[in-house]
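For the numbers below, each heavy atom of this structure counts, side chains included, while hydrogens, waters and symmetry mates do not.
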Amino acid sequence: MVKIIDGKELAKTTTDNLKFEIENLKKKGIVPALVVIVVGEDQASQIYVKNKHRVAESIGIKSIITKLPSSTSESDLLALINEYNENPDVHGILVQLPLPKQINEKKITESIKPEKDVDGFHPVNIGRLVMNDPLAIPCTPMGIMRMFMAYDIDVKGKNAVVVGRSNIVGKPMAALLLNANATVTVTHSHTQNLSEITKQADILVVAIGQANFIKKADVKQGAVVIDVGMNRLDSGKLAGDVDKDVADVAGYLTPVPKGVGPMTIAMLMEQTIELTKRSVGIG
């Protein structure tokens with residue numbers, strides 16, 4: 001029978017534990033501060049930012065949300081990021097994606113100082129991750145690794161298949177699994193015989209943004225299946241990238257919602273604390 005990985009409960013435990021660290025930092029006069037910059041009125045972005053702000057405030061992180069109009073120029077956004085880069089009271093900077101067309105996401109990502117890059121997307125941080133010497137790690141893959149730890153899922157020596165090769169999830173996920181001594185295959189839209197590959201996976205991480213894409217027939221009996229997808233159906237309901245019938249064969253499965261999403265936010269909070277401590281020479 002499939003075991004459901006409760007990301008919501010694990011995230012709550014994680015953030016509850018962070019409260020004590022934050023209280024200790026505040027006793028030393030250090031207030032962890034996270035800046036989230038939102039450009040435009042993308043509805044999904046607004047929801048994500050609201051959730052991040054709520055969690056940050058609840059555990060004692062100073063949460064600064066800066067909302068800019070969709071007409072904001074690239075130069076103005078870069079200037080704002082530079083201000084936060086140089087502000088010693090700001091420890092983490094996050095620019096919510098997607099950005100309006102007039103703004104180059106790559107340039108924005110590279111403008112955030114690596115030591116304040118709480119999303120872990122800066123090329124320096126991705127490079128350090130690949131070299132197994134991470135400073136900041138993309139939060140969704142980090143949350144997935146924490147799920148494995150919490151449920152005593154040992155990835156060492158296992159066949160791990162990642163479906164999707166995005167810079168946000170797929171590539172850093174593959175790097176983390178490699179660093180943990182899994183044997184990793186990354187698949188994507190040009191992969192041939194995808195089902196044959198996924199059926200070999202002891203651990204299957206699916207992050208492609210297509211509702212119910214992976215079916216029961218694509219999954220090995222007893223596999224650990226991590227569903228990163230969050231797709232809004234025409235009915236208004238949320239669906240993952242993994243079909244519900246996968247529960248008939250999987251050994252472990254993350255639900256959508258209440259799976260990977262809450263852990264991503266929890267890791268964002270944890271990483272804000274880590275960057276704060278590093279900035280003042282603690283830990």
Peer 1: Would you mind reporting whether I108 and L99 have side-chain heavy atoms less than 4.5 Å apart?
Peer 2: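 In contact.
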Peer 1: Thinking salt bridges, do K62 and E57 make one under a 4.0 Å N-O criterion?
Peer 2: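 Result for this pair is no, no salt bridge flagged.
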Peer 1: Flag the pair D16 and K12 as a salt bridge only when some basic side-chain nitrogen lies within less than 4.0 angstrom of an acidic carboxylate oxygen.
Peer 2: yes
Peer 1: side-chain hydrogen bond (donor to acceptor under 3.5 Å, both in side chains) between N231 and D241: does it pass, once the steps are laid out?
Peer 2: CA-CA 8 Å; N231 309 286; D241 291 348; 2.9 Å; yes
Peer 1: State whether E23 and K19 are salt-bridged, where the test is any N-O pair (Lys NZ or Arg NE/NH1/NH2 against Asp/Glu carboxylate O) under 4.0 Å.
Peer 2: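 Not counted as a salt bridge, because no side-chain N and carboxylate O are separated by less than 4.0 Å.
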Peer 1: Do R278 and E115 meet the salt-bridge criterion of a basic N to acidic O distance under 4.0 Å?
Peer 2: no
Peer 1: For the pair E86 and K113, find out whether any cationic side-chain nitrogen is under 4.0 Å from an anionic carboxylate oxygen.
Peer 2: yes
Peer 1: Salt bridge between K107 and E110, side-chain N to carboxylate O under 4.0 Å?
Peer 2: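 The answer is no: the pair does not qualify as a salt bridge.
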Peer 1: Does a sphere of radius 6.0 Å around NZ in K8 hold more than 12 heavy atoms from other residues, nucleotides or ligands, not counting ones at 6.0 Å or beyond?
Peer 2: no
Peer 1: Are V2 and V249 linked, directly or through other ILVMFWY residues, by side chains that come within less than 4.5 angstrom of each other?
Peer 2: yes
Peer 1: Can you check side-chain hydrogen bond (donor to acceptor under 3.5 Å, both in side chains) on D218 and S195, steps first, answer last?
Peer 2: CA-CA 5 Å; D218 304 320; S195 184; 2.7 Å; yes
Peer 1: Would you find more than 12 non-hydrogen atoms of other residues, nucleotides or ligands less than 6.0 Å from Y84 atom OH?
Peer 2: yes
Peer 1: Regarding E270 and R146, does a basic nitrogen lie under 4.0 Å from an acidic carboxylate oxygen?
Peer 2: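 A salt bridge is present here (some side-chain N lies under 4.0 Å from a carboxylate O).
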Peer 1: Quick test of your reading of the model: are K220 and D202 salt-bridged, counting only N-O distances below 4.0 Å?
Peer 2: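 Salt bridge present between K220 and D202.
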